[in-house]
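Chain identifiers are assigned alphabetically (A, B, ...) following the order of the sequence lines, protein sequences preceding nucleic acid strands; residue numbering begins at 1 within each chain.
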Amino acid sequence: MKNSILTIPIPKNFSFTKCLKFLNRGYSECLYKVDDSQVTRLIRLSSGLALIQITADSKNMFVSTKKEQINESDEKEVEAYVIDWFDINRDIQPFYQLLDTQKQTTKFSKKYHGLRLMGIVDLFESLCWCVIGQQINLTFAHKIKTRLVYKYGECMKDGEHTYYCFPLPEILLKAQREDLVSMQFSKQKINYIFNISTAFCINVINKKDLLGLNKEQQMEALLAIKGIGPWTANYVSMKSLRDMTCIAYGDTGLSSALHNHFATEKKPDNQTINEIFSSFKDWESYFNFYLWRSLS
DNA sequence: GGCCAGGACTCAA
DNA sequence: TTGAGTCATGGC
């Protein structure tokens with residue numbers, strides 16, 4: 001195994017600690033491991049699997065990469081991955097200025113200062129995660145995701161710990177329905193995961209092409225797949241396509257956060273949600289993310 | 001035991 | 001276009 005170390009300067013309004021705290025917020029996560037001051041995960045580069053470990057000091061993030069062979073293009077991919085995952089290349093100062101204009105939200109800019117909208121770089125993973133999480137509690141959702149990842153995901157052992165990648169669509173497509181049922185996936189979820197896997201396998205959908213479309217076209221392409229509804233489309237648009245204007249309409253967590261901070265009805269209608277979000281134009285995704293963060 | 005979970009679909013009216 | 005019914009099971 002070869003090893004390389006990459007340095008990424010920390011921008012303004014960035015807190016590695018708060019990002020790590022978010023990653024380690026209490027759900028048992030099978031796709032990365034957070035220790036006191038570092039996070040480790042297995043990622044898929046175009047030339048194969050690589051184990052990355054990220055730490056930071058006050059000025060830089062340090063990404064160490066372990067892989068069979070490492071070349072220059074691997075390092076570039078690792079850097080792009082980390083920048084995307086932590087949303088590093090975004091100036092979020094304007095968002096904090098908006099938060100500070102309202103008494104209900106000014107606390108967020110202090111409490112979560114430097115927290116970035118942590119992404120899901122892999123679009124396929126992001127979509128499957130949405131389907132898994134639909135209408136079940138998050139603890140259980142993590143449980144069945146872990147079963148799926150352990151059975152179908154590629155892995156790499158490092159010391160005592162084995163790290164996993166989310167399964168590839170072509171692998172999931174070959175999965176037996178009864179195996180997924182035994183992991184406690186509902187028939188509906190299984191159908192949706194097969195639909196999404198198929199869409200990726202026949203290249204009806206891929207991240208690169210979606211990124212070349214405008215938001216309306218992206219939503220249309222996503223909603224065309226059975227199992228992807230408005231909530232999922234907004235979620236992946238926010239977490240994977242990095243559109244900054246997403247609102248997770250219909251989300252129970254968003255509803256309760258708005259209820260907590262704005263004294264709305266327990267389940268505010270879209271009009272009420274739009275009114276509140278209208279103060280955060282072009283930062284809707286961040287505002288939504290911070291509202292979610294306020295729940296845990 | 002009952003209600004709710006980071007929804008989405010079908011089908012009827 | 002809207003609303004009720006269905007899925008399906010763990011957590012509290």
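For A:Glu220, the side chain to side chain donor-acceptor pair (under 3.5 Å) criterion is met by no residue, not counting sequence neighbours.
Among residues at least two apart or in separate chains, ring pair (Phe, Tyr, Trp, His ring centres under 6.0 Å) pairs with a member in residues 190-226 of chain A are A:Phe124-A:Phe200. Residues in residues 247-279 of chain A take part in these ring pair (Phe, Tyr, Trp, His ring centres under 6.0 Å) pairs, two or more places apart or across chains: A:Phe108-A:His261, A:Phe277-A:Phe287. Identified under the ring pair (Phe, Tyr, Trp, His ring centres under 6.0 Å) test for residues 43-67 of chain A, with sequence neighbours left out: none.
Between A:Glu79 and A:Val63, the closest side-chain pair of non-hydrogen atoms is not below 4.5 Å.
Residue A:Lys226 qualifies as open at atom NZ: its count of foreign heavy atoms under 6.0 Å is 12 or below. Around atom NZ of A:Lys21, no more than 12 heavy atoms belonging to other residues, nucleotides or ligands sit under 6.0 Å away.
Residues from residues 237-275 of chain A placing a heavy atom under 4.0 Å of any atom in DNA chain B, listed by number, are A:Gly250, A:Asp251, A:Thr252. Applying a 4.0 Å cut-off to non-hydrogen atoms, the residues of residues 180-191 of chain A that approach DNA chain C are A:Gln184, A:Ser186, A:Lys187, A:Gln188, listed by residue number. The stretch residues 138-149 of chain A touches DNA chain C through A:Phe140, A:Lys143, each having a heavy atom within less than 4.0 Å of the strand.
Across the P atoms, B:dC11 and C:dA8 are found 16 Å apart, a figure rounded to whole Å.
With hydrogens and angles ignored, the 3.5 Å screen pairs a side-chain donor or acceptor of A:Arg25 with a backbone N or O of A:Phe22. At least one donor-acceptor pair under 3.5 Å links the side chain of A:Tyr286 to the backbone N or O of A:Leu117.
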Expected list for residues 4-13 of chain A: side-chain donor-acceptor pairs under 3.5 angstrom, two or more places apart:
| from | atom 1 | to | atom 2 | distance (Å) |
| --- | --- | --- | --- | --- |
| A:Ser4 | OG | A:Glu75 | OE2 | 3.3 |
| A:Asn13 | OD1 | A:His113 | NE2 | 3.0 |
| A:Asn13 | ND2 | A:Gln93 | OE1 | 2.8 |

Identify each donor-acceptor pair in which a side-chain atom of residues 154-172 of chain A lies under 3.5 Å from a protein atom, sequence neighbours left out, and give them as a table.
| from | atom 1 | to | atom 2 | distance (Å) |
| --- | --- | --- | --- | --- |
| A:Glu154 | OE1 | A:Arg44 | NE | 3.1 |
| A:Glu154 | OE1 | A:Arg44 | NH2 | 2.7 |
| A:Asp158 | OD1 | A:Lys66 | NZ | 2.6 |

Can you give the donor-acceptor pairs under 3.5 Å from side chains of residues 125-139 of chain A to other protein atoms, not counting sequence neighbours?
| from | atom 1 | to | atom 2 | distance (Å) |
| --- | --- | --- | --- | --- |
| A:Ser126 | OG | A:Ser240 | OG | 3.0 |
| A:Gln134 | NE2 | A:Gly227 | O | 3.2 |
| A:Gln134 | NE2 | A:Thr232 | OG1 | 3.4 |
| A:Asn137 | OD1 | A:Thr139 | N | 3.2 |
| A:Asn137 | OD1 | A:Phe140 | N | 2.9 |

Cut-off 3.5 Å, no hydrogens considered: what does the side-chain donor-acceptor table look like for residues 209-216 of chain A, sequence neighbours left out?
| from | atom 1 | to | atom 2 | distance (Å) |
| --- | --- | --- | --- | --- |
| A:Asp209 | OD2 | A:Asn206 | ND2 | 2.9 |
| A:Asn214 | OD1 | A:Glu216 | N | 3.1 |
| A:Asn214 | OD1 | A:Gln217 | N | 2.8 |
| A:Lys215 | NZ | A:Thr245 | O | 3.1 |
| A:Lys215 | NZ | A:Thr245 | OG1 | 3.3 |

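Using a 4.0 Å heavy-atom criterion, one finds that A:Arg25 contacts the bases of the nucleic acid, with or without backbone contacts as well.
Summary of the strand contacts: A:Asn137 and A:Tyr192 both lie near DNA chain B, and taking for each the nucleotide with the nearest heavy atom, the more 5' one is attributed to A:Asn137. Residue order along DNA chain B, read from the 5' end via each residue's closest nucleotide, puts A:Trp292 first among A:Trp292 and A:Gly227.
Donor-acceptor pairing under 3.5 Å, judged by distance alone, is absent between the side chain of A:Gln134 and the base of B:dA8.
With a heavy-atom cut-off of 4.0 Å to chain A, the contacted part of DNA chain C has its first and last nucleotide at C:dC7 to C:dG11.
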